[in-house]
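Worksheet for the structure shown next.
Lettering of chains follows the sequences in order, A, B, ..., and the numbering in each one begins at 1.
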There are 2 protein chains.
Amino acid sequence: MSPKRVTIKTIAKEVGMSIMTVSRALNNNSNVNDQTKTKVQQVAKKMGYIPNHIAKSLVQRKTFTIGVVVPEIAHSFFQEVIRGIEEIAYDAGYHIILTHSAESFQREQLCLETLLSKRVDGILLSVAETVTDFKIYKELIRLKMPMVFYDRGINDIGISTVGIDGTKAAEILTEHLIGLGYMKIAHLAGPLHLSIGANRRQGYLNALKRHKIRAKKSYIVEAGLKEKQGYEGMKKLLNQTKKNPPRAVVAVNDPSAFGAIDAIKEAGLRVPEDIAIVGFADDIRSQLIEVPLTTVRQPAYEVGKVAADKLIKHIESKTEAVEDLVLNTELIVRKSCGWSKKKN
Amino acid sequence: MSPKRVTIKTIAKEVGMSIMTVSRALNNNSNVNDQTKTKVQQVAKKMGYIPNHIAKSLVQRKTFTIGVVVPEIAHSFFQEVIRGIEEIAYDAGYHIILTHSAESFQREQLCLETLLSKRVDGILLSVAETVTDFKIYKELIRLKMPMVFYDRGINDIGISTVGIDGTKAAEILTEHLIGLGYMKIAHLAGPLHLSIGANRRQGYLNALKRHKIRAKKSYIVEAGLKEKQGYEGMKKLLNQTKKNPPRAVVAVNDPSAFGAIDAIKEAGLRVPEDIAIVGFADDIRSQLIEVPLTTVRQPAYEVGKVAADKLIKHIESKTEAVEDLVLNTELIVRKSCGWSKKKN
DNA sequence: TTGTAGGCGTTATCAA
DNA sequence: TTGATAACGCCTACAA
């Protein structure tokens with residue numbers, strides 16, 4: 001970028017006017033003579049003028065940039081969210097700075113500091129797994145930085161959230177199993193300190209309760225969110241329920257379900273004939289495996305769009321209400337939950 | 001962001017020193033009294049000082065920001081590229097502005113203008129499908145804007161490129177079929193005005209030539225890059241080769257192969273017993289379908305990393321050589337190409 | 001409709 | 001080691 005840059009000053013000299021006239025002409029301001037305007041614009045173009053948003057941002061205290069913090073950039077869910085954000089932001093004339101917390105609390109802080117220093121107009125954030133301290137979010141509120149949580153948020157601290165109702169979705173999933181006649185339903189839970197883990201477990205429990213099925217401790221195993229952990233969790237579950245094994249399993253997510261299926265097969269059992277299983281998330285692989293997985297589809301792209309839209313509203317109107325936006329999930333029924341009406 | 005911001009000026013007043021001392025202290029500059037430094041840093045922290053990178057960028061003409069132009073943000077390949085870029089950029093202390101050309105020439109221009117105005121330190125771009133005019137790239141060169149093409153680039157205009165050798169990969173793929181004994185090999189080509197279409201077709205032809213197999217016009221059908229187009233292309237191919245149908249097909253990419261497989265089945269034929277098929281790209285579904293697809297893996301994440309690395313080198317050293325970096329693809333052999341040694 | 005002065009928050013440069 | 005001053009490129013506010 002070295003050939004001495006063309007600035008409005010350069011142009012002003014060239015056309016023999018003040019820099020203000022040039023500035024106004026370039027911004028298509030109304031109070032400028034049409035001829036002047038045309039002339040300035042022509043000269044600017046001829047000289048290869050490139051406006052400097054940095055300078056503009058400095059004086060206007062507005063960058064038209066949105067900061068996005070993603071906890072796991074390798075996850076297709078978040079990649080889709082980004083796509084949704086980009087679309088809305090683009091339409092509204094905003095740009096995106098992408099940062100990655102890699103599920104690390106510390107790194108999330110760093111992302112936030114950077115974004116603050118870059119003076120983004122607003123921030124879209126999904127809380128990293130290891131975050132335990134909300135101080136920085138409160139600080140953000142104090143600074144009046146417009147912000148929206150997407151997918152993983154914190155309720156009731158004064159920041160809008162956009163996500164799905166994990167409790168309800170898990171409830172629907174569990175209820176679907178009950179509707180098929182299953183009574184002995186186990187749960188391969190996620191980490192309970194995470195809202196997704198806790199919510200889905202709650203949904204599972206709610207469904208049982210509603211249908212007056214007693215929840216059994218031995219039917220609930222806390223595992224992780226990954227395939228391997230699902231596998232181990234399922235092994236443990238089978239092991240501790242030998243006398244009275246479950247007939248169906250609600251896994252905390254699809255990867256966990258994949259692992260569980262391996263464990264089930266390994267135990268010489270069939271899905272869904274011996275044990276039915278449902279997942280959560282609609283992983284791209286879910287419909288392609290041997291026994292396609294019943295699961296719940298989360299509208300990732302929509303989450304991105306709605307979150308970006310809400311954020312821009314917060315940016316552009318101080319009075320925009322803080323609210324929790326809940327998007328609908330969709331139950332995807334496939335073979336893994338079985339269709340039989342056997343009562344057991 | 002309204003509570004009157006604290007700036008180095010505010011801090012200067014507070015500690016009773018000049019803004020320069022504060023600036024130096026905050027930047028951990030060496031020529032500052034240690035006590036002064038400590039004191040300033042403490043006060044800054046206490047006052048909640050947030051450095052303004054915008055102002056800094058303005059005076060230093062450096063933003064520590066990389067602009068990325070993605071042609072199709074919904075494509076998992078590019079999502080993985082972004083992931084690679086992010087990783088390298090983060091490690092080097094750069095941030096990313098993400099823009100999306102949506103395969104549109106006009107929109108790509110817009111992305112570039114924005115990035116220029118935002119004074120990014122460098123640009124990573126993958127050429128949009130509809131780009132026909134390279135003027136703007138040449139202009140970028142003239143402006144000495146550091147730049148690297150990734151995946152889809154333009155050779156010999158003075159900009160580094162990072163990608164795979166599509167010709168060679170297609171050649172290897174075709175040769176693999178030949179090695180298995182197939183002689184009657186057809187090609188479901190992509191759009192030939194796109195380099196990926198042209199290159200892969202060339203690789204296919206090269207392999208045939210090397211093995212002295214005559215290329216037949218009726219064995220090459222130009223279709224699109226999507227599943228549906230693969231389906232139609234395959235139907236056309238089967239139709240025009242009724243008397244002498246191919247025994248194997250090299251599809252331009254995996255989605256195209258998926259479509260082709262449908263068409264093959266529909267014609268009452270089996271894969272690979274009647275017609276073997278190979279794809280290109282290693283779509284996530286390829287290993288999960290009924291007859292897993294032999295294909296070529298493109299190192300998307302690596303492409304992102306290498307491109308970002310090269311760009312940062314260009315940014316940080318004017319003398320960094322312009323070069324074309326070619327990454328290796330990996331042949332993934334699965335069932336769809338068959339193992340039989342039948343000669344036909 | 002156009003121009004002048006001043007400042008946005010920081011750093012470079014030179015002087016003390 | 002510290003400070004004064006002038007940029008960086010643009011816009012706001014006011015004046016002409």
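- The separation between B:Asn31 atom CG and C:dA16 atom P is 18 Å, rounded to whole Å.
- Distances shorter than 4.0 Å separate none of the side-chain N or O atoms of B:Arg61 from OP1 or OP2 on C:dT11.
- For the pair A:Gln60 CD and C:dG9 P, the interatomic distance rounds to 14 Å; values are reported in whole Å.
- A:Thr7 and A:Thr10 share a donor-acceptor pair across their side chains, judged by distance under 3.5 Å alone.
- Summarising the geometry, the separation between CZ on B:Arg5 and P on C:dG9 is reported as 9 Å, rounded to the nearest angstrom.
- When the nucleotides C:dT1, C:dG3, C:dT11 are ranked by their closest atom to the side chain of A:Arg24, C:dG3 comes out on top.
- Checking C:dA5, C:dT10, C:dT1 against every side-chain atom of B:Ala55, the shortest atom distance belongs to C:dT10.
- Atom CE of A:Met17 is separated from atom P of C:dT1 by 13 Å (rounded to the nearest Å).
- A donor-acceptor contact closer than 3.5 angstrom links the side chains of A:His314 and A:Ser160.
- In this structure, B:Ile8 places its CD1 atom 14 Å from C1' of C:dG7, rounding to the nearest Å.
- Per the geometry, CE belonging to B:Met20 stands 12 Å off C1' belonging to C:dG9, to the nearest Å.
- With hydrogens and angles disregarded, no donor-acceptor distance shorter than 3.5 Å links the side chain of A:Ser126 to the backbone of A:Pro71.
- Residue B:Thr7 places no side-chain N or O under 4.0 Å from the OP1 or OP2 atom of C:dG9.
- Dashed line: the shortest gap from a side-chain N or O of B:Ser23 to OP1 or OP2 of C:dT11 is under 4.0 Å.
- The distance between atom CG of B:Leu26 and atom P of C:dT10, rounded to the nearest whole Å, is 8 Å.
- Note on A:Ser57: nothing from the nucleic acid sits closer than 4.0 angstrom, heavy atoms only.
- C:dC8 atom P lies 14 Å from atom CG of B:Leu58, rounded to whole Å.
- Interface limits on DNA chain D: the 5'-most and 3'-most nucleotides within less than 4.0 Å of chain B heavy atoms are D:dT1 to D:dG9.
- Residues A:Ser18 and A:Thr21 have side chains that bring a donor and an acceptor to within less than 3.5 angstrom of each other.
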